[in-house]
Amino acid sequence: DSAAPERHDVTPVIGLEIHVQLLTETKIFCGCPNRFNPDEPNTQTCPVCLGFPGALPVMNRTAIEWTVKLGLALGCEIAPRAVFARKNYFYPDLPKGYQISQFEIPVVQGGSIPIVSPTRGEIVVRLTRAHLEEDAGKSLHEDFHGMTGIDLNRAGTPLLEIVTEPDLRSSDEAVAYAKALHGIVRWIGICDGNMQEGSFRCDANVSVRRPGEPLGTRCEIKNLNSFRFMQEAIEFELRRQVALIEDGGKVVQETRL
């Protein structure tokens, strides 16, 4: 019941972070092939994407050009100078212990995508930025009993993270926006959009607020890899937050899987 939050006089507030894997021939900072290979783990790697000491990254020119291509398609501001930074976190599938990403000065900022909302008509979803980064590897939980396997074939894949402002007001609008962006990146030829293989995946920031009140506390739902899962996850989280608030509780900012 996607209409559940409206019955309680609250407004959903949703922002999306969509990760788009670029279809370059090689990875973002090394010469390893950039292709999906589920059968032979750890065969598309080298000292650079494995994070060996002394290995130096070299920028993939095509990844920059395709980021600019997306920026032009979405009416973004193109930075004449962009900066990469280290995003430090420790996880088994991140070989260096940090991710090379962008924050203060990404390649493109701003821009927008128009969509048709089933309740509000034509609206414009504002974009905050599209920043370029390297993807992490993949943890394999299903194939091992009592342990986790690590496949680093995906480590170093060029990834565009496209972040919206909190302009979406329903799961239907979130799906409409994601489908619009999915069509654009496929049409301009920078991504195959294969959600089953992780080429196009979404994180949803979800909160609720009463009319006229400030933005509520958001929770982030990670790694949604289908439009149906996105819709169901957002609706579930909206119902959970409404029920929590009506019971006198408070929403705690957290990441939810």
Side-chain angles (χ1 to χ4, degrees), residues 16-52 55 57-70 73 84 87 89 91-96 98-102 107 130-144 147-163 175 178-204 221-230 233 257:
L16 298 183
E17 302 171 6
I18 293 183
H19 298 79
V20 172
Q21 285 187 354
L22 300 181
L23 275 175
T24 55
E25 292 186 10
T26 57
K27 294 182 180 181
I28 188 169
F29 294 121
C30 67
C32 290
N34 176 29
R35 61 174 182 267
F36 181 72
N37 183 0
D39 300 322
E40 299 181 30
N42 300 307
T43 56
Q44 297 167 194
T45 58
C46 73
V48 173
C49 54
L50 291 177
F52 284 13
V58 177
M59 187 69 227
N60 185 323
R61 180 185 180 93
T62 303
I64 294 287
E65 291 174 346
W66 286 3
T67 302
V68 172
K69 189 176 184 180
L70 178 73
F84 283 90
K87 181 180 178 182
Y89 62 97
Y91 204 70
D93 57 20
L94 192 71
K96 296 189 294 293
Y98 62 86
Q99 179 186 35
I100 301 177
S101 183
Q102 295 183 313
V107 178
H131 63 264
L132 190 60
E133 60 189 15
E134 58 179 345
D135 207 348
K138 187 175 183 180
S139 296
L140 307 172
H141 306 289
E142 298 84 5
D143 300 330
F144 303 91
M147 63 185 72
T148 296
I150 303 295
D151 181 7
L152 295 175
N153 280 347
R154 194 176 69 182
T157 294
L159 199 66
L160 260 180
E161 182 175 345
I162 302 160
V163 183
V175 170
K179 286 183 175 180
L181 180 59
H182 186 262
I184 290 169
V185 298
R186 292 186 65 200
W187 183 68
I188 64 176
I190 66 172
C191 176
D192 62 16
N194 193 323
M195 301 182 78
Q196 292 78 15
E197 296 179 359
S199 299
F200 188 96
R201 51 192 197 269
C202 177
D203 301 337
I221 310 167
K222 298 286 287 185
N223 292 326
L224 302 168
N225 66 349
S226 83
F227 299 125
R228 180 170 65 88
F229 292 162
M230 179 192 302
L257 300 179

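Since this is a predicted model, take the numbers as computed values, not measurements.
Listed here is the closest heavy atom pair of M230 and A178: CE-CB, 3.6 Å. Across G51 and P95, no two heavy atoms sit closer than the pair N-CB, 4.2 Å. The minimum heavy-atom distance between A136 and Y89, with the atom names listed, is CB-OH, 4.3 Å. A pairwise comparison of heavy atoms in Y91 and S139 identifies CE2-OG, 3.7 Å as the closest pair. Between Y98 and I100, the shortest heavy-atom contact is CE1-CG1, 4.0 Å. Across S101 and H131, no two heavy atoms sit closer than the pair OG-CD2, 3.6 Å.
No donor-acceptor pair under 3.5 Å is formed between the side chain of D93 and the backbone N or O of I150. Checked by atom type and distance alone, the side chain of H19 never pairs as donor or acceptor with a backbone atom of L159 at under 3.5 Å. Side-chain atoms of N42 come within 3.5 Å of backbone atoms of L152 as a donor-acceptor pair (strictly under, hydrogens ignored). Not one N or O on the side chain of E133 forms a donor-acceptor pair closer than 3.5 Å with the backbone of Q99.
For the pair F200/R186, no side-chain contact is recorded, criterion being any heavy-atom separation below 4.5 Å from C-beta on. Put simply, the side chain of F36 does not reach to within 4.5 Å of the side chain of Q21, judged on heavy atoms. The shortest side-chain heavy-atom distance between T67 and Q102 does not fall under the 4.5 Å cut-off. Side-chain atoms of P57 and F84, non-hydrogen and from C-beta on, never get closer than 4.5 Å to each other. Taking the side chain as every heavy atom from C-beta outward, V58 and V48 never approach each other to under 4.5 Å.
Sorted by first then second residue, the salt bridge (charged side-chain N to carboxylate O under 4.0 Å, His left out) pairs that include residues 188-203, not counting sequence neighbours, are D135-R201, D203-K222. For the side chain to side chain donor-acceptor pair (under 3.5 Å) condition, the pairs that include at least one residue of residues 23-32, sequence neighbours left out, are T24-N34, T26-N60.
Only one option out of L23, T62, L70 pairs with I190 in a side chain to side chain contact (heavy atoms under 4.5 Å, CB included); it is L70.
Heavy-atom contacts from other residues, nucleotides or ligands closer than 6.0 Å to NZ of K138 number 12 or fewer.
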Q) When you look at L160 and V107, which way does the side-chain contact (heavy atoms from CB on, under 4.5 Å) test go after all the steps? A) CA-CA 10 Å; L160 260 180; V107 178; over 6 Å; no
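Atom CG of residue L140 and atom CG of residue D151 lie 5.5 Å apart, to the nearest 0.5 angstrom. C49 contributes atom SG, which lies 9.5 Å from atom CD of Q44 (distance to the nearest 0.5 angstrom). Here L50 contributes atom CG and C30 contributes atom SG; the two are 8.5 Å apart, rounded to the nearest 0.5 Å.
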